[in-house]
Amino acid sequence: MRHLMNPLDFSVEELDRLFDLANKIEKNPAEYAHVCDGKILATCFYEPSTRTRLSFESAMTKLGGRVIGFADANSSSAAKGESVSDTIRVISCYADICAMRHPKEGAPMVASEKSRIPVINAGDGGHYHPTQTLTDLLTIRSLKGHLDGFTIGLCGDLKFGRTVHSLINALVRYPGTKFIFISPEELKVPDYITEMLREKNVPYEEVIRLENVMPQLDMLYMTRVQKERFFNEEDYVRLKDFYVLDTAKMELAREDMLVLHPLPRVNEISVEVDDDPRAAYFRQAQYGVYVRMALIMTLLGLAS
Ligand code: CP
């Protein structure tokens, strides 16, 4: 039995197989409509979500399976004090696979240690969001044809952003990757990440002004300043609109640059950018369904 806790849990070769399967599902979804007949996915979400929970539910439904779960810790027995370990022991009696989101770093890992079914980390605090990373990598590979040799700008909340931490960890395995970190001083990428990049000789720059680096980028990964991760409302209000990607800034970018965003967005991408052919964030959300279908099949041993 296998879990997914961290984007590095799959080798590069395993990821290639997963993405090949996701692209086959995209081309011919009808062929996969009964692969999970009789199987049940539990979505245990202790923190709000639109994309991750509903794309998992959509993925399992499109595979012919069924879904149970909760979307709010307060509607589960967590509100009565039940531990994640006890909850997963019980969920193991009801479902074949579980996707879990939790505000505490490591909670899905604790669950996986007591689970009799595969557990997927659907986001744990500011730590990792591996299925968003799979979505990001599939989007890049599908739209660009490969994953190596890109200069990628990551912009916004690089301190608390679990999607950013997961994506950096995953992209360092592809040769020729260069990172440009664009953030205010207070939201810089954590030291453990820059130390890891130095150890691996992966080039990176840290800058504050987005405009200065736009022409260099193959991809711009925008992120939201996350209100829920701030301890202090004043700091959030001061930093929330630090970056706004608009059409004037897009004019500085290459013709083939992709704009990605894990979503939800607030103000960091102006809606006028949505019509730019380089804006790929809604296509990215669609790829999230295909990659989660491929992941469910793989973890249930149903991928041939
Ligand atoms: N990208 C993402 O994780 O979105 P949700 O929080 O809506 O699941």
Side-chain angles (χ1 to χ4, degrees), residues 4-7 22 41-62 67 69-76 97-108 119-140 142-143 152 154-171 219-230 236 240 243 245 258-269 271 273-274 279-296:
L4 177 69
M5 292 294 126
N6 178 322
L41 165 75
T43 52
C44 299
F45 276 59
Y46 295 83
E47 197 184 56
S49 167
T50 296
R51 270 145 298 277
T52 311
R53 185 172 65 84
L54 295 181
S55 65
F56 263 118
E57 297 191 1
S58 171
M60 190 48 144
T61 307
K62 284 170 187 273
V67 180
F70 54 87
D72 174 7
N74 287 325
S75 68
S76 79
I97 187 166
C98 172
M100 179 180 287
R101 169 170 290 189
H102 204 289
K104 282 200 187 135
E105 283 86 356
V119 176
I120 300 167
N121 176 4
D124 60 329
H127 196 207
Y128 289 129
H129 192 346
T131 62
Q132 181 62 50
T133 302
L134 299 183
T135 300
D136 301 339
L137 296 179
L138 176 66
T139 305
I140 297 168
S142 301
L143 299 181
I152 176 160
L154 296 123
C155 178
D157 176 3
L158 308 188
K159 180 176 179 183
F160 299 112
R162 61 191 172 201
T163 59
V164 166
H165 304 160
S166 280
L167 184 58
I168 295 167
N169 263 302
L171 279 173
M219 253 154 286
L220 174 60
Y221 195 91
M222 292 296 294
T223 63
R224 173 177 66 98
V225 174
Q226 302 172 95
K227 188 175 183 185
E228 63 274 28
R229 309 270 177 244
F230 276 80
Y236 170 70
K240 71 184 172 67
Y243 298 106
L245 181 66
L258 288 182
V259 183
L260 301 173
H261 192 310
L263 304 176
R265 77 162 148 200
V266 186
N267 294 324
E268 62 278 3
I269 302 180
V271 289
V273 176
D274 296 356
Y281 29 93
F282 291 115
R283 282 175 281 168
Q284 192 178 348
Q286 177 69 66
Y287 281 116
V289 179
Y290 302 132
V291 88
R292 289 181 175 100
M293 290 171 79
L295 179 65
I296 290 168

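Quick note: residue numbers are just sequence positions, from 1. Read the numbers this way: they start at 1 and go in the same order the structure lists the ligands and their atoms.
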**Study point:** Subset of ligand 1 atoms that lie under 4.0 Å from at least one heavy atom of T50
**Key:** 5 (P), 7 (O), 8 (O)
Review point. Between T52 and ligand 1, does any nitrogen or oxygen pair lie at a separation below 3.5 Å?
Key: yes
Review point. How long is the span from the NZ atom in K62 to the OH atom in Y290, to the nearest 0.5 Å?
Key: 6.5 Å
**Study point:** For atom 4 (O) of ligand 1, closest protein heavy-atom neighbour
**Key:** R51 NE, 3.0 Å
Practice item. Please list, chain by chain and in numerical order, all residues satisfying side chain to side chain donor-acceptor pair (under 3.5 Å) with T43, sequence neighbours excluded. Key: E57
Check your understanding: Does any N/O atom on P262 come nearer than 3.5 Å to any N/O atom on ligand 1?
Key -> yes
Check your understanding: For K159, which residues count as a side chain to side chain contact (heavy atoms under 4.5 Å, CB included) partner, sequence neighbours excluded?
Key -> D157, L187
Check your understanding: Relative to F45, does R101 satisfy both conditions: NZ or CZ under 6.0 angstrom from the six-membered ring centre, and within 45 degrees of the ring's axis?
Key -> no
Study note, to complete from the structure: ligand 1 atoms nearer than 4.0 angstrom to some heavy atom of H129 are 2 (C), 3 (O)
Review point. Contact between R101 and ligand 1, counting heavy atoms under 4.0 Å?
Key: yes
Exercise for review: If the plane angle is over 60° it's perpendicular, under 30° parallel, otherwise tilted; pick one for H261 and Y281.
Suggested key: perpendicular
Check your understanding: When rounded to the nearest 0.5 angstrom, what is the spacing between OH in Y221 and CD1 in I152?
Key -> 8.0 Å
Check your understanding: Side chain, backbone, both or neither: which part of L263 has a heavy atom under 4.0 Å from ligand 1?
Key -> backbone
Study note, to complete from the structure: If we number the atoms of ligand 1 from 1 as shown, the ones under 4.0 Å from a heavy atom of Q132 are 1 (N), 2 (C)
